[in-house]
Amino acid sequence: MPTLDPERNLVVVRIVYDGPPHSGKTTSLHALAGHLSKRSRSDVSSPGEEAGRTVFFDWMDYEGGLIGGYGVRTQIVSVPGQRSLSKRRKFLLETADSVVFVADTQQQRIATNSEYVEALVEILDRRPSPPVGLVVQANKRDLAAALPIERIRELWGKHSALSVIESVATKGDGIREAFIFAVRLALDRVRVLISEGSLVSGPPRIDSPDTLLRALREAIGDSPLDPGSPGSNGGRSRPSTSLAAKLVQEVLTQQQDGAVTQEDQSAARTEPTLTGRVSEPWAPNPPNSKVLSGLVYPPIVGRVLLKSLEQVGISIRPEPGSHGGWTAHSTQWIVHSSKENHYDKLEAARHDLISWARLSRKLEGLLSTDRCVTVAATGEGGWRLWQVVRSAPSLRSQLEACLTQPAAPLEKARRTCELLSFLLEARQLFDNPIMTLQARLDTVGVEDGRPVFSRLLATEAVSAPSTVHHDPAPEHIHRQAFALQLLSLLPANGERSIDLPLLLETVRYGRPTAQESVRALATWFTAVDGGVT
């Protein structure tokens with residue numbers, strides 16, 4: 001839990017380095033120390049170290065950077081990787097404001113690292129909101145057995161609050177980049193806690209390796225509890241309601257973040273161009289992960305998505321017919337800024353970003369999760385608001401695959417009916433008083449067994465929300481529209497062989513007639529395909 005320390009004019013956050021044994025955690029901390037000014041950091045210490053192995057934790061603290069005019073003190077802690085010390089690992093991870101997972105990416109170590117990643121995600125998912133950002137420091141990239149980085153991202157990229165950065169800890173490569181990004185994620189979390197009024201204020205209850213060691217021992221039963229110690233209820237900090245704490249929170253809420261480190265103070269205020277920029281006379285800089293806290297929503301997951309976008313690289317092009325809008329499309333991403341989303345002043349951009357955030361919260365559960373809205377400097381003195389959506393397989397692409405790939409008629413019929421059920425369910429869910437989302441084969445995806453809107457939101461719906469009384473369309477109209485969409489995918493020689501509106505009417509989870517639909521469609525596939533496509 002981050003802490004405001006008004007007496008020392010500091011915000012204190014903790015970055016925890018996690019990973020299996022011998023993955024490079026301690027090496028990373030020593031390499032990081034070489035990148036940070038000696039005047040601003042402590043030495044790396046390892047309380048209770050045994051035979052050169054970390055059995056409690058490694059510790060280093062660093063003071064540098066600003067948030068709202070206040071200094072940032074970062075406690076940097078690495079966990080013991082041994083399975084026998086899992087209680088110590090769990091305790092330390094439960095105190096993290098962001099986590100750097102140091103992974104040995106050699107082929108023979110991937111299974112073990114994947115197991116640790118899954119356990120780590122489970123621990124972080126149980127933490128109360130706001131989420132804890134996770135950076136995978138893909139280590140040992142210089143070794144011949146290292147798995148391709150695309151495969152690493154494929155294995156672990158399913159976790160929405162996770163970003164992957166390559167490193168060679170023995171050479172110091174990638175170490176500082178992973179740390180800087182982890183601090184940015186931690187400061188995003190600070191700002192969310194400020195907005196919720198739940199940021200702890202007062203002297204940090206753990207402020208040295210000695211106090212952390214004592215708290216750890218007490219928490220896992222290594223020594224009796226001291227009622228006044230940092231590990232007990234008697235020493236636990238609580239959110240302060242003092243005038244000083246309120247003033248600090250007010251200042252932090254109003255001001256923008258400074259750089260994460262003193263060396264980056266100017267870099268954080270610029271928006272570097274990514275590779276792949278088109279050869280236009282001029283194009284705005286695309287959004288990237290160095291955006292200041294308060295200019296991306298959602299604040300933590302959004303920054304991670306921007307990091308993934310940054311690593312892929314995109315080409316910003318004029319939006320056809322928009323006369324001022326810009327867009328980028330790839331197999332993985334949709335990025336868009338409309339003509340109306342250009343601003344001369346940051347305050348106006350921030351105002352619209354808040355409106356987008358409010359709408360996103362209202363539509364939570366209906367929208368795909370891998371999306372964010374952010375404000376980025378154009379590079380020419382102005383600002384742009386961008387929608388960023390990670391592409392996901394639409395119902396259309398899934399239906400096309402189902403209808404064209406070889407499969408038994410009954411299996412194909414079941415899958416088709418399942419996808420049609422999602423389509424019907426989406427149309428009912430998307431017809432809502434807040435904003436009517438277009439439910440079509442190419443705008444609906446599936447996440448965790450539920451339909452979601454997987455495309456860009458209409459800009460005009462945010463800038464001028466409708467106040468007209470909402471009157472959902474009759475259900476039979478939805479079925480007729482979906483029947484026409486399905487007909488566009490089915491072979492022409494068989495489109496009249498089955499009553500599609502009736503099929504759509506009977507395709508429902510939990511209805512006995514759904515089985516009748518599956519059997520009828522299977523019979524139709526058998527007749528059209530001769531048994532197997």
Side-chain angles (χ1 to χ4, degrees), residues 1-5 10-21 23 25-26 29 42 44-51 53-62 73-102 115-134 161 182 185-186 189-190 193 198-240:
M1 175 67 73
T3 306
L4 282 174
D5 188 352
L10 292 174
V11 174
V12 182
V13 296
R14 183 174 302 157
I15 312 299
V16 174
Y17 279 66
D18 186 34
S23 62
K25 299 183 295 296
T26 301
L29 258 65
S42 69
V44 179
S45 60
S46 303
E49 182 181 77
E50 295 179 2
R53 298 194 68 183
T54 301
V55 294
F56 285 102
F57 56 84
D58 299 312
W59 170 285
M60 178 172 66
D61 57 71
Y62 171 71
R73 181 165 182 250
T74 305
Q75 298 176 356
I76 307 162
V77 177
S78 74
V79 308
Q82 301 93 306
R83 295 181 189 273
S84 60
L85 303 178
S86 60
K87 289 184 178 180
R88 299 176 184 181
R89 176 194 182 213
K90 182 173 181 290
F91 171 83
L92 294 168
L93 289 172
E94 289 175 344
T95 70
D97 297 309
S98 66
V99 175
V100 177
F101 183 86
V102 183
E115 182 182 343
Y116 270 73
V117 168
E118 295 300 326
L120 169 60
V121 170
E122 285 186 15
I123 292 173
L124 298 184
D125 283 348
R126 289 195 293 268
R127 295 278 303 275
S129 183
V132 176
L134 171 56
L185 294 177
R189 195 163 187 269
V190 168
L193 291 171
S198 55
L199 186 63
V200 172
S201 180
R205 66 188 187 94
I206 295 175
D207 205 31
S208 68
D210 291 339
T211 54
L212 178 57
L213 180 60
R214 182 168 59 172
L216 190 156
R217 281 176 163 160
E218 292 168 351
I220 64 176
D222 281 4
S223 64
L225 280 173
D226 175 2
S229 71
S232 68
N233 289 335
R236 190 181 302 277
S237 298
R238 293 180 175 86
S240 171

Partner set under side chain to side chain contact (heavy atoms under 4.5 Å, CB included) for Glu115, not counting sequence neighbours: Arg83

Between Leu134 and Leu185, the two heavy atoms sitting closest are N-CD1, 4.1 Å

Rounded to the nearest 0.5 Å, what's the gap from CE on Met60 to OH on Tyr17? Could you check? 7.0 Å

Donor-acceptor check, side chain of Arg88 to backbone of Val79, threshold 3.5 angstrom: yes or no? no

Using side chain to side chain donor-acceptor pair (under 3.5 Å) as the criterion, list what pairs up with Arg14, not counting sequence neighbours. Gln75, Thr95

Only counting residues at least two apart or in another chain, list the ones meeting side chain to side chain donor-acceptor pair (under 3.5 Å) with Ser42. none

Closest approach of Pro80 to Leu92 (non-hydrogen atoms, all atoms of both residues): CD-CD1, 4.1 Å

Tell me the closest heavy-atom pair linking Lys25 and Ser78, and the distance in Å. CB-CB, 4.3 Å

Distance col, row Asp5:CG vs Leu10:CG, nearest 0.5 angstrom, shows 6.0 Å

Output yes when a side-chain donor or acceptor of Arg127 lies under 3.5 Å from a complementary backbone atom of Leu93, and no otherwise. yes

I'd like to check the salt bridge (Lys or Arg N to Asp or Glu O under 4.0 Å) partners of Asp207; sequence neighbours left out, ordered by chain and number. Arg8, Arg73

d(Leu29 CG, Phe57 CZ) to nearest 0.5 Å is 11.5 Å

Do you know the tightest heavy-atom contact between Arg89 and Ala119? NH1-CB, 4.1 Å

Examine distances only and state if a side-chain atom of Thr3 and a backbone atom of Pro204 form a donor-acceptor pair shorter than 3.5 Å. no

Quick one: which of Leu124, Ile123, Asp125 gives a side chain to side chain contact (heavy atoms under 4.5 Å, CB included) with Val121? Asp125

Distance check, rounded to the nearest 0.5 Å: Leu212 atom CG versus Arg217 atom CZ? 11.0 Å

What pairs with Ser129 under side chain to side chain donor-acceptor pair (under 3.5 Å), at least two apart in sequence or on another chain? none

Which heavy atom of Val13 sits nearest a heavy atom of Pro2, and at what distance? CG1-CB, 4.0 Å

Non-hydrogen atoms of Tyr116 and Pro21 that approach each other most closely: OH-CD, 3.7 Å

How would you list, by chain and number, every residue that makes a side chain to side chain contact (heavy atoms under 4.5 Å, CB included) with Ala182, sequence neighbours excluded? Ile15, Ser98, Val100, Val135

Measure the spacing between OG1 of Thr74 and CG of Asp61 and express it to the nearest 0.5 Å. 9.0 Å

